[in-house]
Number of protein chains: 2
Amino acid sequence: MQDPCQAREVLGIVGDKWALLIVRTLKDGPRRFTELKRAIDGISQRMLTVTLRDLERDGILTRTVRNVMPPHVSYELTTMGRTLREATAPLLEWSITHLPHIDAARAAYDNR
Amino acid sequence: MQDPCQAREVLGIVGDKWALLIVRTLKDGPRRFTELKRAIDGISQRMLTVTLRDLERDGILTRTVRNVMPPHVSYELTTMGRTLREATAPLLEWSITHLPHIDAARAAYDNR
DNA sequence: GTTCTCGGTTACCGAAGGGTACCGAGGCAC
DNA sequence: GTGCCTCGGTACCCTTCGGTAACCGAGAAC
């Protein structure tokens with residue numbers, strides 16, 4: 001790993017809370033906008049729109065519009081997106097397994 | 001992975017650009033404040049202070065002060081911090097190797 | 001005595017994050 | 001007709017994030 005400082009700007013994108021969760025949710029295939037909104041608890045409509053747009057711009061996922069009414073827009077990981085998914089999986093797993101430890105550490109810190 | 005939504009708040013911490021870079025920089029042992037500042041190109045003094053404090057609070061690293069003058073403060077990963085380091089390594093590596101692809105995708109998107 | 005160092009803290013302020021209300025067009029019930 | 005629903009997205013607005021710059025205190029170097 002020769003230049004971690006150049007990675008800074010990339011981390012600004014993929015090291016985003018919502019981006020990580022979106023990529024994770026798309027791991028099993030394409031999803032529609034509203035499906036993502038329902039699957040990712042707590043994300044607002046605006047943040048979903050904005051983050052999807054950013055990820056599309058960066059080539060992580062594709063956006064496919066079918067011109068029907070009501071609108072049908074589906075999002076799917078690109079090849080690069082799938083490699084990103086693999087790279088982020090350990091971090092997501094870590095977050096879930098260590099959530100209680102972090103809560104405990106934080107409580108201990110705040111009681112000092 | 002049963003509850004990705006609870007992971008959201010954890011990701012708010014560890015999925016932070018600066019936190020990822022700090023954890024990475026500490027992988028080879030303790031570092032002093034100014035060493036970190038020099039190693040992590042582009043971080044401001046304020047963000048280094050704030051992020052270190054958050055990571056200490058969450059039990060990712062320890063802060064050791066030696067009461068000498070000039071001050072000597074060193075930061076070191078905890079056991080949990082080292083497991084986090086392992087979980088984030090793939091993402092950092094991915095960021096560095098895919099930086100050019102992302103730049104290209106973004107340029108293509110913006111030219112549309 | 002002036003200036004440098006380390007490891008911060010604080011005030012200021014612009015930029016970015018993020019929630020809510022609203023939109024448009026078709027379908028359906030009545 | 002008239003309501004009201006859905007889907008995907010935007011406009012508005014407030015709040016937090018985060019960079020810059022100034023300051024600190026005590027020793028040490030010049």
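In what follows, chains carry the letters A, B, and so on, assigned in the order in which the sequence lines appear, proteins first and then strands, with residues in each chain numbered from 1.
If you measure from atom CG of A:Leu52 to atom P of D:dC7, you get 16 Å, rounded to the nearest angstrom. Between A:Asn67 atom CG and D:dC7 atom P there is a gap of 17 Å when expressed in whole angstrom units. We find that CD1 of A:Ile40 is positioned 14 Å from P of D:dG8, with the value rounded to whole Å. Atom CG of A:Leu48 is separated from atom P of D:dC7 by 13 Å (rounded to the nearest Å). Distance A:Arg38 CZ to D:dG8 C1': 13 Å, rounded to the nearest Å. In this structure, B:Lys37 atom NZ and D:dG18 atom C1' are separated by 14 Å, rounded to whole Å. Between B:Lys17 atom NZ and C:dG17 atom C1' the separation is 13 Å, expressed in whole Å. The distance between atom NE2 of B:His72 and atom P of C:dG7, rounded to the nearest whole Å, is 7 Å.
Considering only side-chain N and O atoms, A:Ser44 lies nowhere under 4.0 angstrom from the phosphate OP1 or OP2 of C:dG18. Between A:Arg46 and the phosphate of D:dC13, there is no side-chain N or O to OP1/OP2 separation shorter than 4.0 Å. Here B:Arg31 does not reach the OP1 or OP2 of C:dG7: none of its side-chain N or O atoms lies under 4.0 Å away. Phosphate proximity of C:dG19 to A:Trp18: absent, as no side-chain N or O sits under 4.0 Å from OP1 or OP2. Checking the phosphate oxygens (OP1, OP2) of D:dC7, no side-chain nitrogen or oxygen of A:Tyr75 falls inside 4.0 Å. Of the side-chain N and O atoms in A:Arg53, none sit less than 4.0 angstrom from OP1 or OP2 of D:dG8.
As judged by a 4.0 angstrom heavy-atom cut-off over every strand, A:Thr49 is placed among the base-contacting residues. As judged by a 4.0 angstrom heavy-atom cut-off over every strand, B:Met47 is placed among residues touching the sugar-phosphate backbone only. Using a 4.0 Å heavy-atom distance criterion, A:Arg66 is classed as making no nucleic acid contact.
Under 3.5 Å, the side chains of B:Tyr75 and B:Arg63 contain a donor-acceptor pair of N or O atoms.
Considering only the side chain of B:Phe33, C:dG7 comes nearest among D:dC7, C:dG7, D:dT20. Listed nucleotides D:dG25, D:dG8, C:dG18 differ in distance to B:Pro71; the shortest reach to its side chain belongs to D:dG25.
Side-chain contact check for A:Thr64 versus A:Val73: every heavy-atom pair is 4.5 Å or farther apart.
Remark: the backbone N or O of B:Gly59 is paired with a side-chain donor or acceptor of B:Thr78 at under 3.5 angstrom.
With B:Thr51 as the partner, the side-chain contact (heavy atoms from CB on, under 4.5 Å) test is satisfied by one option alone out of B:Ile13, B:Ile40, B:Ile22: B:Ile22.
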So A:Lys17 and B:Asp16, salt bridge (charged side-chain N to carboxylate O under 4.0 Å, His left out) or not? Walk me through it.
CA-CA 8 Å; A:Lys17 179 176 62 175; B:Asp16 173 72; over 6 Å; no
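A donor and an acceptor atom never sit less than 3.5 Å apart when one is taken from the side chain of A:Gln45 and the other from the base of C:dG19.
Comparing B:Val65 and A:Ile43 by the nucleotide of DNA chain C that holds the closest heavy atom to each, the one mapping nearer the 5' end is B:Val65.
Note that NE2 of A:His98 and CG of B:Asp58 are 12.5 Å apart. Values are rounded to the nearest 0.5 Å.
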